[in-house]
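Each chain gets a letter, A, B and so on, in the order the sequences are listed, and its residues count up from 1.
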There are 2 protein chains.
Amino acid sequence: MTVPPSPPARPMRADARRNYERLVSAATEAFLENGADASLDDIAKRAGVGPGTLYRHFPARQNLIDAVLDRWMASVLTEAEPLLEAADPAEALAVWLRRLVSHVYRFRGLSSALIPPEDKMKGDSPGWVLHSTSEQLLARAQQSGQIRSDVVIKEVMMLVSGVTWACTSGKEVDADRLIDLIMNGLRVRD
Amino acid sequence: MTVPPSPPARPMRADARRNYERLVSAATEAFLENGADASLDDIAKRAGVGPGTLYRHFPARQNLIDAVLDRWMASVLTEAEPLLEAADPAEALAVWLRRLVSHVYRFRGLSSALIPPEDKMKGDSPGWVLHSTSEQLLARAQQSGQIRSDVVIKEVMMLVSGVTWACTSGKEVDADRLIDLIMNGLRVRD
DNA sequence: AACGATACGGAGATACTCTCCGTTTATCAA
DNA sequence: TTGATAAACGGAGAGTATCTCCGTATCGTT
């Protein structure tokens with residue numbers, strides 16, 4: 001028995017789409033200013049919509065966070081393109097990791113954005129694309145013989161997300177230095 | 001002009017001390033169950049005191065967190081003693097770092113406990129003692145020639161606190177593996 | 001036991017999250 | 001253009017947390 005295709009989703013109305021965009025913009029601004037626990041009422045006010053509207057579009061805070069992160073990830077992925085062809089694959093990986101840290105820590109409370117998604121979430125979501133892009137950069141460095149072959153991207157990203165978190169701890173952190181130390185641990189020993 | 005010594009602090013009344021102890025115990029339990037953002041009203045109820053009493057003893061949530069962590073640090077420091085005399089100083093450092101991670105991540109939201117205190121906070125507070133103990137273990141491994149001499153304890157502890165944070169992210173994390181990778185980055189290259 | 005100082009409990013103010021219902025707006029067909 | 005319908009709206013108010021403050025209780029000293 002073949003499952004019939006579900007009917008095409010009714011498109012969002014123009015006013016709803018407009019409000020959705022406003023909310024994502026307002027949330028980006030509020031998260032940058034006050035971190036991921038910024039008041040949702042404040043975000044609704046910034047967007048010029050009622051609280052009910054915010055919750056209708058984003059039933060929980062995490063949905064709003066996801067929307068903001070999707071935008072961010074889509075933009076940061078463009079920075080990976082040239083690195084995928086760099087002459088020094090290990091250095092390209094290091095540059096990429098430093099880039100990720102410098103972007104994510106601007107959003108206090110969103111360090112978990114770098115934690116790899118579950119395998120079941122494969123698809124073309126920006127989070128997954130960022131994960132697989134990082135994986136490509138690691139694989140390339142491994143194939144060049146510079147990075148240990150026993151390292152998997154998941155653990156690298158865990159370490160890196162920890163660094164982004166440390167950067168938001170309120171203490172002064174030399175993120176580049178921490179990434180260097182991590183990279184040193186990934187390099188093949190002569 | 002010499003500043004006169006301040007008069008000795010009046011000792012806390014018996015009932016106040018009793019309530020303080022109750023609050024710290026209740027907070028420990030609540031933080032273990034629900035993380036560092038457990039409801040303060042719930043903690044007051046658990047301790048059998050009114051909300052006003054909780055705030056009198058602990059004006060902000062961080063004060064309560066500090067009290068809980070002081071207790072914890074005092075107990076975990078006893079585990080460092082034998083490590084300070086271990087035959088393999090690098091392995092002793094690794095064991096110590098793994099111990100710290102396994103202890104801290106039980107308190108969701110308290111990963112920042114491992115971030116080194118500011119220099120101006122030198123003293124015999126447990127936080128500072130933990131910091132200087134870690135420094136001793138690092139110095140010992142450096143003197144043995146196993147660990148790079150350019151590494152400072154602050155950056156190590158930043159990395160480790162990031163790992164403890166990752167452990168509380170809700171995703172499965174092999175903390176020992178991450179510590180191994182970090183240690184590998186600290187080791188002298190042949 | 002009396003007195004003064006310390007410490008108390010918890011009602012209520014405040015600020016947030018979240019729901020829900022009457023109203024408004026957008027879209028489509030005639 | 002008009003009218004009908006469904007989508008989407010705003011925001012009052014319920015619920016829950018943090019935090020303050022004042023009348024009352026308790027402790028410690030004489």
Charged N to carboxylate O below 4.0 Å: is that the case for B:E135 and B:R140?
no
For B:A67 and B:V24, the nearest pair of non-hydrogen atoms, with its separation, is CB-CG2, 4.0 Å
Need to verify one output field. Residue with the more 5' nearest nucleotide on DNA chain C, B:Y20 or B:D41?
B:Y20
With no hydrogens and no angle check, just 3.5 Å: does a side-chain donor-acceptor pair link A:N19 and A:R56?
no
Does A:R99 reach the side chain of A:L83, with side-chain heavy atoms less than 4.5 Å apart?
yes
B:M73 meets the side chain to side chain contact (heavy atoms under 4.5 Å, CB included) criterion, sequence neighbours left out, with B:A113, B:P126, B:L130
Within this structure, what is the CG-to-C1' distance between A:L40 and D:dG15, rounded to whole angstrom?
16 Å
Residues passing the side chain to side chain contact (heavy atoms under 4.5 Å, CB included) test with A:Q62, sequence neighbours excluded, are A:I65, A:D66
If you compare every side-chain N and O of B:N19 against the phosphate oxygens of C:dA7 (OP1, OP2), does one of them come in below 4.0 Å?
no
Can you give one letter per nucleotide of nucleotides 25-30 of chain D, going 5' to 3': B for a protein heavy atom under 4.0 Å from the base, S for sugar-phosphate only, - for none?
-BSS--
Could you pull out every donor-acceptor pair under 3.5 Å between side chains of residues 34-42 of chain B and any protein atom, sequence neighbours left out?
unit_1: B:S39; atom_1: OG; unit_2: B:D41; atom_2: N; d: 3.3
unit_1: B:S39; atom_1: OG; unit_2: B:D42; atom_2: N; d: 3.0
unit_1: B:D42; atom_1: OD2; unit_2: B:R46; atom_2: NE; d: 2.9

How long is the line joining CG of B:D37 and P of C:dC16, in whole Å?
17 Å
Can you check the A:L23 CG to D:dA8 P distance for me, whole Å?
14 Å
Check each residue of residues 45-70 of chain A for a non-hydrogen atom within less than 4.0 Å of any atom in DNA chain D, then write out the ones that pass by number, or none.
A:G48, A:V49, A:G50, A:P51, A:G52, A:T53, A:R56, A:H57
Once side chain to side chain contact (heavy atoms under 4.5 Å, CB included) is applied, do any residues pair with A:V152, and if so which ones, sequence neighbours excluded?
A:K154, A:E155
In whole angstroms, how far is the C1' atom of C:dT27 from the CZ atom of A:R17?
16 Å
Answer yes or no: does a side-chain N or O of B:S39 lie under 4.0 Å from OP1 or OP2 of D:dT16?
no
